[in-house]
Protein chains: 2
Amino acid sequence: MKATITDVAKRAGVSMKTVSRVLNNEPNVAEKTRERVKAIALELRYSPNLAARGLATSKSYLVALMYDNPSPNYIAHMQRGAIDACREVGYHLVVEPLSLGSAKTQDEKAQAIRTVLDQLPVDGVILTPPLCDSATVLETLSELRIDCVRVAPKNGGLQPFVAMDDEAAAYQMTQYLIQQGHKRIGFVKGHVGHSATVWRYQGYMKAMEEAGVEASPKIVAQGDFSFESGATAARDLLSLDAKERPTAIFASNDDMAAAIFSVAGQFGIDVPRELSVCGFDDTPLAQVIFPALTTVRQPIYKMGYEAARQLVASKKVGLEPEQILDFEIMIRDSVASPAS
Amino acid sequence: MKATITDVAKRAGVSMKTVSRVLNNEPNVAEKTRERVKAIALELRYSPNLAARGLATSKSYLVALMYDNPSPNYIAHMQRGAIDACREVGYHLVVEPLSLGSAKTQDEKAQAIRTVLDQLPVDGVILTPPLCDSATVLETLSELRIDCVRVAPKNGGLQPFVAMDDEAAAYQMTQYLIQQGHKRIGFVKGHVGHSATVWRYQGYMKAMEEAGVEASPKIVAQGDFSFESGATAARDLLSLDAKERPTAIFASNDDMAAAIFSVAGQFGIDVPRELSVCGFDDTPLAQVIFPALTTVRQPIYKMGYEAARQLVASKKVGLEPEQILDFEIMIRDSVASPAS
DNA sequence: GTGATGATTGACAGCGCTGTCACGTAGACT
DNA sequence: AGTCTACGTGACAGCGCTGTCAATCATCAC
């Protein structure tokens, strides 16, 4: 039914091995032979049987994307990027959610990973936050001798990673707000313990300090990335006296920014005329609220792409163990100059 | 390094074949032998090599989820369900996005599928809309002799499918609105050509007619599931005279419902006091807008789960070729009784 | 006691591919 | 001319598992 390597070999009048060499781009095949075999393979619509190949090479031509519950948006884009990179070299992507609830012991975590990976011996795994920051996960993978690439990890380490510069993004966004003429720029922090929380806040502070604008603690609120926490923060910030009340608020993510919209509406404050708001992440939400939200777009697709590429690229190619990707400031309609 | 079936066989003092029988739950193994082998397999942390097994059985123990660009939320939940079903029986899920842009010819479409499936001979594929409605896709799959299960297809067919009853959901939601005391209930239709558009509209009409409430064409607007189209529709509906203006609007999806929120805000109309709004889909958006949106939750996870289960369940088990899953009306804060 | 029946087990081949190694040939060198 | 290297090629084993089929054993009806 389906063509095998033997069919191609017979037709081309060469040995299986030679066909195999051509298919794998190995050297030491006469150019003429190579062309002929390629043509015939195409004609027969031959494509190698991954199981057989895997058995012979003890490789699986599979890459796993492991994640523990990030947002649908995040994982969908990431996986799309990873898949595209895989396809370029004949790999496929399997997705493996892993629930490492905090209740579990380290041993149980390691066991969970083993269970998944023992069955399916993938050639590499992509680790997204928070998995990429778990020492247990990293150790287990290294015991299993499985390559991995981490996405946006908290800190560097032995394994390669791809990330974006959250601090620089927050810095630029804050600068943009300042350029628009804002002086009292509020900030809503993210979830304590999440690395991005710190970076984003630092970027904000840096821009404020450099511009000589005071970032009074009064206008910096603690959030936790949830809509609810954003609403609470917004109520605090917007209850301030007219003299103190911020003319712009920079939320550490889009959900909280959306909450600020809602609260502003309840307070009868018009966005962006009386209050500018910006967020972080560029979730789909950003474009389905009014006014459209100015926010930071993370290169999620690209991170997935690069992570997978590191894993599947032939080892000869020089790859950087640490890749910092560019973000993009999406300027939309939620920021305006302050009413003077 | 990693234990093989031979290791287990030696240790247990039986043949490889017997171990194989135990592992695959085949009959005709003495209970005592079975126990011993199982114990030893566990002790050695043995797990079969999928590539080898695949080569021998010409099965891959892989299921593919094919999709063409549904929302991140949709695919994330669906794949989670599918993965959970796969794991129960030692299968894994590979994700295969397929861009079948309308520009392509049928042949090119077929080719695209073949390219993906020739390489990775999966045991079954889950087809989400709009792929599940493409005759070309279905035919190609059947030529390749690959099982498939369709998710929410437009119409029945030879292949099994799982779906939910969109019409019933819209019907119930409309009834709920009527129960709250609304008489002038507007409706915003979805994208023309999308099957759900028709069903949802029919459910709405049915409830209106049954209750003897007039569904004037004036208060039914055409949308296309996008935020923008929802905003346009809302502007039309809310510009009507006080006597004609709907006291409630049922949008065919959440994005359009969110747009209605925005426009209402611009018109100075309070939701839900002066205008009730409800949506469809229960996207994450529904909980991050204010007031929280009353909407219909689709059993997306369950559809993924059931679809995968059909594919991986041993054929002996009687499976229904057509499964209609339950939806859920999520009552939140965007619907109230009309101000009389 | 005898043959028939069914349960339990193992030997062996082979799935489709690649790694190893050996062979032949042609040009480069002493 | 003789030796050496490099290249192009193919024969063959074997990756880890399961399907086939035959062998063995216990059991049962007569």
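Here is how names work: the chains are called A, B, and so on, in the same order as the sequence lines, proteins then strands, and each is numbered from 1.
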Asks: Under a 4.0 Å threshold between the charged nitrogen and the carboxylate oxygen, would Arg87(B) count as salt-bridged to Glu96(A)?
Replies: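 Salt bridge between Glu96(A) and Arg87(B), a charged N being under 4.0 Å from a carboxylate O: yes.
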Asks: Is a side-chain N or O of Thr140(A) found less than 3.5 angstrom from the main chain of Gln111(A), in a donor-acceptor match?
Replies: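 Not at all, since once roles are kept as given, no pair shorter than 3.5 Å links the two residues.
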Asks: Is a salt bridge present between Lys109(B) and Glu139(B), judged by a nitrogen-to-oxygen distance below 4.0 Å?
Replies: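 Salt bridge absent between Lys109(B) and Glu139(B).
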Asks: Taking only N and O in the side chain of Thr4(B), is any of them less than 4.0 Å away from OP1 or OP2 of dG16(D)?
Replies: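 For dG16(D), OP1/OP2 do not have a side-chain N/O of Thr4(B) under 4.0 Å.
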Asks: Within the distance-only criterion (no hydrogens, no angle test), does the side chain of Thr57(B) pair as donor or acceptor with the backbone N or O of Arg53(B) below 3.5 angstrom?
Replies: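 Here the side-chain-to-backbone pair exists.
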Asks: Once you round it to whole Å, what is the distance between C1' of dT20(D) and CE of Met16(B)?
Replies: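 These atoms are roughly 14 Å apart.
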Asks: Do Arg309(A) and Glu306(A) pass the salt bridge (Lys or Arg N to Asp or Glu O under 4.0 Å) test, and can you show the C-alpha distance, the side-chain angles, and the key distance before you say yes or no?
Replies: CA-CA 5 Å; Arg309(A) 206 174 59 84; Glu306(A) 292 298 335; 3.1 Å; yes
Asks: Side chains of Leu120(A) and Ser60(A): closer than 4.5 Å at any heavy-atom pair?
Replies: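 Side-chain contact under 4.5 Å: no.
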Asks: Restricting both atoms to N or O, compile the protein contacts to nucleotides 20-24 of chain C shorter than 3.5 Å, with distance only.
Replies:
none

Asks: Mind listing the closest non-hydrogen atom pair of Ala52(B) and Leu55(A) along with its distance?
Replies: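 It is CB-CD1, 3.5 Å.
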Asks: Starting at atom CD1 of Ile5(B), determine the distance to atom P of dG14(D), rounded to an integer number of angstrom.
Replies: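 In whole Å, dG14(D) P lies 19 Å from Ile5(B) CD1.
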Asks: Do Asp133(A) side-chain atoms and Pro153(A) backbone N/O form a donor-acceptor pair below 3.5 Å?
Replies: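 Not at all, since once roles are kept as given, no pair shorter than 3.5 Å links the two residues.
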Asks: Rounded to whole angstrom units, what separation is found between the CD atom of Glu26(A) and the P atom of dG8(D)?
Replies: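 Roughly 13 Å, once rounded to whole Å.
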Asks: Leu23(B) has an atom CG; how far is it from atom C1' of dT18(D), in whole Å?
Replies: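 Value for this atom pair: 11 Å.
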Asks: Could you please name the option among dC7(D), dT8(C), dA11(D) that lies closest to any side-chain atom of Asn28(A)?
Replies: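 Of the candidates, dC7(D) comes closest.
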Asks: Could you check whether Arg11(B) pairs with Asp7(B) (Lys NZ or Arg NE/NH1/NH2 to Asp/Glu carboxylate O, under 4.0 Å)?
Replies: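 Between Asp7(B) and Arg11(B) there is no salt bridge, as every charged N stays at least 4.0 Å from the carboxylate O atoms.
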Asks: If you compare every side-chain N and O of Ser20(B) against the phosphate oxygens of dT18(D) (OP1, OP2), does one of them come in below 4.0 Å?
Replies: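 Answer is yes, contact under 4.0 Å.
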Asks: Identify, residue by residue, the members of residues 31-59 of chain B with a heavy atom below 4.0 Å from DNA chain C, and return them in order of residue number, or none.
Replies: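 The stretch gives Thr33(B), Leu55(B), Ala56(B) as the residues lying under 4.0 Å from the strand, ordered by number.
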Asks: To the nearest angstrom, how far is Asp7(A) atom CG from dG16(C) atom P?
Replies: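 Computing the Asp7(A):CG to dG16(C):P distance gives 9 Å.
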Asks: On DNA chain C, check which nucleotide each of Tyr61(A) and Pro27(B) is closest to and give me the residue with the more 5' one.
Replies: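 Nearest-nucleotide comparison on DNA chain C picks Pro27(B).
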